[in-house]
Amino acid sequence: MKKRIEREICAESADIVARRLLGCTLVRLIDGERLAGVIVETEAYVGENDLGAHASRGRTARTEVMYGPPGYAYVYLIYGMYDCLNVVACEVGMPHAVLVRAIQPTDGMERMRSNRKGTRTGKRLRDVDIASGPGKLCAAMQIGREFYGHDLVDGDELWIEMGASVSDRDVLVGPRIGIAYAKEWAHAPLRFALRNNPYVSR
DNA sequence: TATACGATCACCT
DNA sequence: GGTGATCGTATAC
């Protein structure tokens, strides 16, 4: 069991935190079994001015957790079907968040694969397809909205561990996905991924 | 109370 | 490359 992240890691602007979380390990403990994977893709949502961010509509019941301290989980339902996991970043009162978009499974891969048996054709999923997207990752790791507000630093069933350091030349930076409506913010370089890693989405 | 739509995914052509 | 599934949230009425 590796060292967990410290809360200060998450206390910066979300773009900094999104970059830092690459290479860290997301861990889910369920029925005594450890499910884990290296974070290989993230996106930053940088507060109320960010037209691509849920917080751009201000403080509501849904966005409330993002206004609190960093290191907590913001989980939301998208398209009526999938849950997505975010790490709250920045300081209290600044609603920043980092969307975890993909992980490279390391522990409990078979259980994660079976958790994704929502597919019709029932074909065996390739390893690279198990958690290569924000909705897929939550399904694979059994992360739902019950984790809204969960502490990812000191929590019990879901937390983040430190990983090997990642050099800048191994990081791909580009525009975020699925926010074409966000005007100038749609192009902002706020998506981060490990270059040439086959476990990233799309 | 009613309605439009989304930080996605899987299947189809 | 296109589209349907499916429901909570924000916003309009």
Side-chain angles (χ1 to χ4, degrees), chain A residues 10 13-19 21-22 26 37 39-67 70 72-90 94-105 112-150 152 172-193 198-202:
Chain A
C10 305
S13 178
D15 55 319
I16 305 291
V17 179
R19 166 67 180 80
L21 288 178
L22 291 178
L26 181 66
I39 296 170
V40 298
E41 182 182 354
T42 57
E43 280 179 359
Y45 290 85
V46 293
E48 293 182 342
N49 293 329
D50 178 357
L51 295 178
H54 292 161
S56 67
R57 311 274 170 104
R59 192 165 187 154
T60 66
R62 181 171 68 153
T63 60
E64 182 63 29
V65 71
M66 289 193 276
Y67 287 81
Y72 289 78
Y74 166 46
V75 183
Y76 67 92
L77 177 72
I78 186 63
Y79 295 109
M81 313 184 84
Y82 305 101
D83 289 311
C84 295
L85 172 69
N86 292 252
V87 182
V88 173
C90 209
M94 303 291 286
H96 285 218
V98 174
L99 173 65
V100 183
R101 286 193 58 89
I103 61 169
Q104 175 172 345
M112 285 194 254
R113 198 194 315 271
S114 68
N115 284 341
R116 291 249 302 128
K117 275 291 162 65
T119 57
R120 270 186 246 170
T121 51
K123 284 194 309 188
R124 178 181 170 86
L125 277 173
R126 299 182 308 158
D127 292 354
V128 293
D129 293 326
I130 291 175
S132 58
K136 298 177 189 177
L137 161 169
C138 283
M141 295 194 99
Q142 295 176 252
I143 297 168
R145 276 160 292 159
E146 65 273 19
F147 282 101
Y148 182 96
H150 178 87
L152 296 168
L172 185 69
V173 183
R176 293 170 293 180
I177 293 176
I179 54 161
Y181 57 84
K183 300 181 182 168
E184 70 271 20
W185 285 91
H187 320 293
L190 294 173
R191 173 173 177 258
F192 303 84
Y199 293 83
V200 304
S201 70
R202 180 71 84 99

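Because the structure is predicted, anything quoted here is derived from the model rather than measured.
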Options [options], nucleotide nearest the side-chain atoms of [X]:
X	options	answer
A:Leu77	C:dC7, B:dA7, B:dC9	C:dC7
A:Tyr181	B:dT8, B:dA10, B:dG6	B:dG6
A:Tyr79	B:dA7, B:dG6, B:dA10	B:dG6
A:Thr60	C:dA10, B:dA7, B:dT8	C:dA10

- [ ] Quick one: do A:Val88 and A:Met66 satisfy side chain to side chain contact (heavy atoms under 4.5 Å, CB included)? Show the steps, please.
- [x] CA-CA 6 Å; A:Val88 173; A:Met66 289 193 276; 4.3 Å; yes
Task: Strand DNA chain C as a dot-bracket string - pairs counted if Watson-Crick or G-U with both distances under 3.5 Å, | where the partner lies in another strand - done: |||||.||||||.
Open item on the list: Suppose the criterion is salt bridge (Lys or Arg N to Asp or Glu O under 4.0 Å): which pairs have a residue in residues 51-64 of chain A, not counting sequence neighbours?
Closed with: A:Arg59-A:Glu64
Open item on the list: Please determine whether a side-chain nitrogen or oxygen atom of A:Arg101 lies at a distance below 4.0 Å from atom OP1 or OP2 of B:dT8.
Closed with: yes
Task: Short side-chain N/O contact to B:dA10 OP1/OP2 from A:Lys123, under 4.0 Å - done: no
Open item on the list: Can you work out whether A:Ile177 or A:Asp129 has the more 5'-proximal nearest nucleotide on DNA chain B?
Closed with: A:Ile177
Indicate, with a heavy-atom threshold strictly under 4.0 Å, whether [X] touches base, sugar-phosphate, or nothing.
X	result
A:Leu99	base
A:Ser201	nothing
A:Arg57	sugar-phosphate
A:Arg202	nothing
A:Gly52	base

Open item on the list: When you measure from the side chain of A:Arg19 to the backbone of A:Val173, do you find a donor-acceptor pair of N or O atoms at a distance under 3.5 Å?
Closed with: no
Open item on the list: Taking the nucleotide of DNA chain C with the nearest heavy atom to each, does A:Arg145 or A:Met81 sit closer to the 5' end?
Closed with: A:Met81
Task: Gap separating the CG atom of A:Asp83 from the CD1 atom of A:Ile143, nearest 0.5 angstrom - done: 9.5 Å
Task: Residues in side-chain contact (heavy atoms from CB on, under 4.5 Å) contact with A:Ile179, at least two apart in sequence or another chain - done: A:Tyr45, A:Arg176, A:Tyr181, A:Ala182
